[in-house]
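Atoms within each ligand, like the ligands themselves, are counted from 1 in listed order. Every value quoted in this text rests on a predicted model; they were computed, and no experiment measured them.
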Amino acid sequence: MTTKSIDRSVPIQSALVLHPDRGRREDLRAASARLTEAVGLAEALDLKVVETLVVPLRAPTPATLLGAGKVDEIATIALALELDVVVVDDALSPVQQRNLERAWKVKVIDRTGLILEIFARRARTREGKLQVELARLGYEASRLVRTWTHLERQRGGLGAMGGPGETQIETDRRLITEKVTRLKRELDEVRRTRTLARRARGRVPFPTIALVGYTNAGKSTLFNRLTDSEVVAKDMLFATLDPTLRRLKLPGGRPAILSDTVGFISSLPHELVEAFRATLDEVKEADIILHVRDIASDESEAEAADVRKVLDELKVGEEAGQRVIEVWNKIDLLPPETRELLANRTEREDSAAVALSAVSGEGIERLTTRLAGLVDEGPLLTIALEASDGEGLAWLYRHGRVMTRTVGEGTDVLVTAKLAAPALAKFEQLRPRAFLPAAAE
Ligand SMILES: Nc1nc2c(ncn2[C@@H]2O[C@H](COP(=O)(O)OP(=O)(O)OP(=O)(O)O)[C@@H](O)[C@H]2O)c(=O)[nH]1
Ligand SMILES: [Mg+2]
């Protein structure tokens with residue numbers, strides 16, 4: 001393989017992190033903020049970042065991305081600082097990566113390679129590991145094939161006649177294809193099991209709430225506070241990879257299931273979007289989505305835009321009939337006036353956001369009260385279902401709060417339940433004749 005992964009036997013590797021600034025006007029973030037994020041990614045991989053650099057990139061050079069002058073300059077730095085790794089915060093073609101490695105005599109990693117490597121290290125579950133391995137194989141295989149195409153052409157030029165080289169390439173390609181097929185089959189199997197587990201859970205009468213947000217926004221910290229858990233929450237990009245589920249008690253409301261998920265990041269490598277897709281099933285199926293934002297971050301708006309984009313791509317959110325609430329987290333880091341302002345803005349009943357601090361606990365009650373209302377609001381109804389209508393009953397458990405259930409006259413089951421307005425409207429369509437006069441509260 002031409003792409004080397006980081007050598008785990010060497011504990012500390014010193015790195016230069018380089019952000020090529022393409023000066024895109026549509027870019028909401030400053031180059032310096034992007035550089036900071038890239039440093040965070042490098043550190044998440046335990047690299048020791050000894051130097052950082054923003055390189056203006058007007059016209060990319062095909063062979064090396066950066067211009068010849070810059071390449072030389074960095075070669076000098078690499079030598080002087082005894083670097084092991086240069087992280088290029090952009091996408092490098094396989095050829096560019098190889099050329100830079102030759103010029104600088106160090107390992108070169110691009111943004112995709114970096115994120116893939118972090119994911120590979122963080123994956124804990126079987127499914128997570130398989131997903132990442134597939135994504136990584138896809139990334140490496142494309143490099144391999146292209147590199148070899150190049151070599152093949154060279155050999156052809158030397159007048160070689162087929163021979164062992166070509167056979168080797170074909171064998172290796174076949175091996176990769178076989179491995180991909182095997183991994184996919186295994187992944188399908190794991191996912192089928194998980195889907196079954198989720199279906200079983202679907203029959204449990206709990207509404208589900210999913211946490212989503214930019215990496216490091218505070219999802220796991222909030223998860224821990226809400227569920228009294230101790231999942232890993234750290235000042236580290238992609239601390240969470242595999243989804244975690246816990247029961248959540250709401251004040252006066254019925255219990256719900258809360259899920260913590262992987263964070264998002266801008267310019268997510270496309271190899272990983274696929275891997276994300278399955279992991280984010282929990283989000284797809286959730287009744288309520290909490291979009292956790294680091295409201296104290298300078299990049300808060302840009303990050304929120306990235307998250308919304310991924311949610312759109314995954315076709316989750318309001319369009320899909322899910323309720324989305326923004327959690328404006330980390331208000332403890334804001335000056336009092338700003339904090340006050342945000343609190344006032346989000347205080348209103350119909351506000352789509354709640355301001356809080358997952359660390360200090362300020363505002364947490366606002367959120368739980370709000371959630372309890374969402375999972376629990378609506379008038380008390382009396383509903384008559386045919387005893388054989390298990391499907392209707394299951395629907396009520398899933399979408400409302402069933403208070404009592406009694407076997408009535410004849411073949412009926414009488415259910416008293418609370419349904420929020422949208423669920424009520426839907427159920428009126430599904431079972432128009434099921435409603436009886438309202439029960440006394
Ligand atoms: N000051 C302050 N820090 C917070 C707050 N919430 C979270 N943090 C810090 O932010 C960092 C990231 O928190 P996590 O909960 O791990 O963030 P996450 O969204 O789960 O991140 P990933 O799993 O990496 O996507 C940690 O250092 C937390 O202590 C908050 O309300 N105030
Ligand atoms: Mg987390």
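Annotation: Leu356 places no N or O atom under 3.5 Å from an N or O atom of ligand 1; distance criterion only. Residue-to-ligand polar distances place Ser357 within reach of ligand 1: an N/O pair is separated by less than 3.5 Å. Looking at ligand 1, you'll find an N or O of Ser220 within less than 3.5 Å of one of its N or O atoms. Among the atoms of Ala358, some N or O lies under 3.5 angstrom from an N or O of ligand 1.
Annotation: the span from Gln322 atom CD to Ile289 atom CD1 amounts to 4.0 Å, rounded to 0.5 Å. Remark: Leu419 CG to Ile383 CD1 distance equals 5.0 Å, nearest 0.5 Å.
A salt bridge is absent between Glu186 and Lys129: the closest approach of a Lys/Arg side-chain nitrogen to an acidic carboxylate oxygen does not fall below 4.0 angstrom. Using a 4.0 Å cut-off between a side-chain N of Lys or Arg and a carboxylate O of Asp or Glu, Glu189 and Arg192 qualify as a salt bridge. We find that Arg293 and Glu301 are joined by a salt bridge, their nearest charged nitrogen and carboxylate oxygen being less than 4.0 Å apart. Contact check on Glu73 versus Lys70 returns a salt bridge, with a Lys/Arg side-chain nitrogen under 4.0 Å from an Asp/Glu carboxylate oxygen.
Heavy-atom separations between Gly213 and ligand 1 are all 4.0 Å or longer.
Atoms of ligand 1 lying under 4.0 Å from at least one heavy atom of Gly263, given by number and element, are 25 (O). Residue contact check: Thr215 has heavy atoms under 4.0 Å from atoms 22 (P), 24 (O), 25 (O) of ligand 1. Listed by number with element, the atoms of ligand 1 under 4.0 Å from a non-hydrogen atom of Ala233 are 15 (O), 16 (O). The contact set between ligand 1 and Leu333, taken as ligand atoms under 4.0 Å from a residue heavy atom, comprises 1 (N).
In this structure, of Lys330, Arg293, Arg122, the residue bringing a heavy atom nearest to atom 10 (O) of ligand 1 is Lys330. For atom 7 (C) of ligand 1, the choice among Val262, Thr221, Leu334, Ile331 with the nearest heavy atom turns out to be Thr221. Looking at Ile118, Val359, Asp294, Asp332 and measuring to atom 1 (N) of ligand 1, the nearest heavy atom belongs to Asp332.
The number of heavy-atom neighbours closer than 6.0 Å to CD of Glu365, taken from other residues, nucleotides and ligands shown, is 12 or below.
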Test log, rule side-chain contact (heavy atoms from CB on, under 4.5 Å), inputs Glu37 and Glu299
CA-CA 10 Å; Glu37 182 174 278; Glu299 306 302 319; over 6 Å; no
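For residue Thr221, no N/O/S atom approaches the Mg ion (ligand 2) to within less than 2.8 Å.
Residues Asn99 and Thr64 have side chains that never bring a donor and an acceptor to within less than 3.5 angstrom of each other.
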